There are 2 protein chains.
Amino acid sequence: MSVDEHEIGTVLVALADPTRRELLDALAEEGQASATTLAGRLPVSRQAVVKHLRVLEEAGLVRYGRLGREVLYEVRPAPLDSSARWLAERAAAWDRRLEAIKRVAENPPARPSDKPADHEH
Amino acid sequence: MSVDEHEIGTVLVALADPTRRELLDALAEEGQASATTLAGRLPVSRQAVVKHLRVLEEAGLVRYGRLGREVLYEVRPAPLDSSARWLAERAAAWDRRLEAIKRVAENPPARPSDKPADHEH
DNA sequence: CATTGGTGCAACCGCAGAGTTGCATTTCCC
DNA sequence: GGGAAATGCAACTCTGCGGTTGCACCAATG
């Protein structure tokens with residue numbers, strides 16, 4: 001309801017990369033930092049960091065501002081928050097759905113197919 | 001704190017793909033369904049669906065069980081839920097961090113660097 | 001003004017993953 | 001038994017993306 005699929009998509013893609021998550025951790029710790037600084041903390045080149053920061057920025061997870069000759073980035077919690085809500089909503093919806101199905105399966109009608117066996121591996 | 005980085009990683013990767021999200025939606029709606037059935041609802045081949053289901057299963061987002069000659073899948077909300085908590089925790093941590101930095105920047109000490117200008121684009 | 005530290009830009013590489021097709025195999029059902 | 005429906009397996013293609021390197025460009029500073 002609250003946020004749209006597409007925005008969530010960009011956030012999920014942004015967060016799916018482990019380097020990007022490390023980058024966010026570093027940024028959150030530093031408060032604010034430049035691409036060069038961050039590249040010093042991770043085992044990748046500055047250019048790689050720049051590219052990552054670009055996708056993070058497009059997901060709204062970081063903000064940047066120029067200060068003299070350097071560009072400082074800082075973290076933005078908002079999209080993370082709305083994504084969390086999106087996930088929680090979805091989990092709740094699934095739960096409701098499963099509950100409804102279980103009720104139907106156990107009580108009134110004939111069962112056309114059984115529940116899948118619990119197949120942990 | 002609650003769940004480990006690696007598990008979250010697999011969930012995020014699984015959710016990052018739009019086809020996989022559609023697949024989960026379809027599955028949640030159907031209650032349970034086979035790869036063949038699902039392939040009928042999405043614009044991809046059955047084999048593609050099978051591969052997606054494999055990564056979803058490894059992320060714990062679906063469960064499957066054999067019923068005669070067909071394999072039925074159903075959705076599992078738990079990992080979604082813990083991921084949501086993970087994101088929310090992180091967002092909160094960032095918020096605290098930003099607050100702390102703002103306090104430091106405004107009050108006691110000299111400011112070594114200014115806040116980045118608000119650069120929405 | 002020349003140097004130096006920080007960015008921006010572009011080309012390039014390698015690989016994983018999303019997708020396909022074809023075929024073998026199992027199981028249901030007449 | 002013998003199709004027909006569903007799954008399993010394998011090989012293959014192709015695009016995207018994470019990463020690098022090299023160089024040009026700016027701006028602070030002695």
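Keep in mind that the numbers below use all heavy atoms, side chains included, and drop hydrogens, waters and symmetry copies. Bear in mind that the values here come from a model prediction, so they are computed numbers and not experimental data. In what follows, chains carry the letters A, B, and so on, assigned in the order in which the sequence lines appear, proteins first and then strands, with residues in each chain numbered from 1.
- The structure places CZ of A/R76 at 8.0 Å from CG of B/L98, a figure rounded to the nearest 0.5 Å.
- A straight line from OH of A/Y64 to P of C/dT7 spans 13 Å, rounded to a whole angstrom.
- Here the closest non-hydrogen pair linking A/A35 and A/V50 is CB-CG2, 3.8 Å.
- Separating the CG atom in B/L27 from the CH2 atom in A/W94 is a distance of 8.5 Å, to the nearest 0.5 Å.
- As a whole-Å value, the separation of A/R54 CZ from D/dG19 P is 14 Å.
- Here A/R46 pairs with nothing under the side-chain hydrogen bond (donor to acceptor under 3.5 Å, both in side chains) rule; sequence neighbours left out.
- By the 4.5 Å heavy-atom criterion applied to side chains, A/L23 and A/Y73 are not counted as neighbours.
- Distance, A/L15 CG to D/dG18 P: 13 Å, rounded to whole Å.
- Rounded to 10°, the angle separating the first-five-pair axis and the last-five-pair axis of the helix from C/dC1-D/dG30 to C/dC30-D/dG1 equals 20°.
- Considering only residues two or more places apart in sequence or on other chains, A/E30 meets the side-chain hydrogen bond (donor to acceptor under 3.5 Å, both in side chains) condition with A/R41.
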Please write out each protein N/O paired with an N/O of nucleotides 13-18 of chain C under 3.5 Å, distance rounded to 0.1 Å.
from: C/dA18; atom 1: OP2; to: B/R20; atom 2: NH1; distance (Å): 2.7

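- Distance, B/L23 CG to C/dG19 P: 10 Å, rounded to whole Å.
- One can place CZ of A/R66 at 8 Å from P of C/dT7, the figure rounded to the nearest angstrom.
- Contacts between residues 35-47 of chain A and DNA chain D, defined by a heavy-atom separation below 4.0 Å, involve A/V44, A/S45, A/Q47, listed by number.
- Put simply, OG1 on A/T37 and CG on A/L42 are 11.5 Å apart, with the number rounded to the nearest 0.5 Å.
- As rounded to whole Å, 13 Å separates atom P of D/dA27 from atom CD of A/E70.
- The pair A/R97-B/E29 does not count as a salt bridge, with every side-chain nitrogen at least 4.0 angstrom from each carboxylate oxygen.
- Considering CD of A/E70 and CD of A/Q32, their distance stands at 10.0 Å, rounded to 0.5 Å.
- Of the inter-residue distances, the one linking B/L56 atom CG with B/R21 atom CZ reads 11.5 Å to the nearest 0.5 angstrom.
- Residues passing the salt bridge (Lys or Arg N to Asp or Glu O under 4.0 Å) test with B/R54: none are found, sequence neighbours excluded.
- In this structure, the CZ atom of B/R69 is 11 Å from the P atom of C/dT27, given to the nearest Å.
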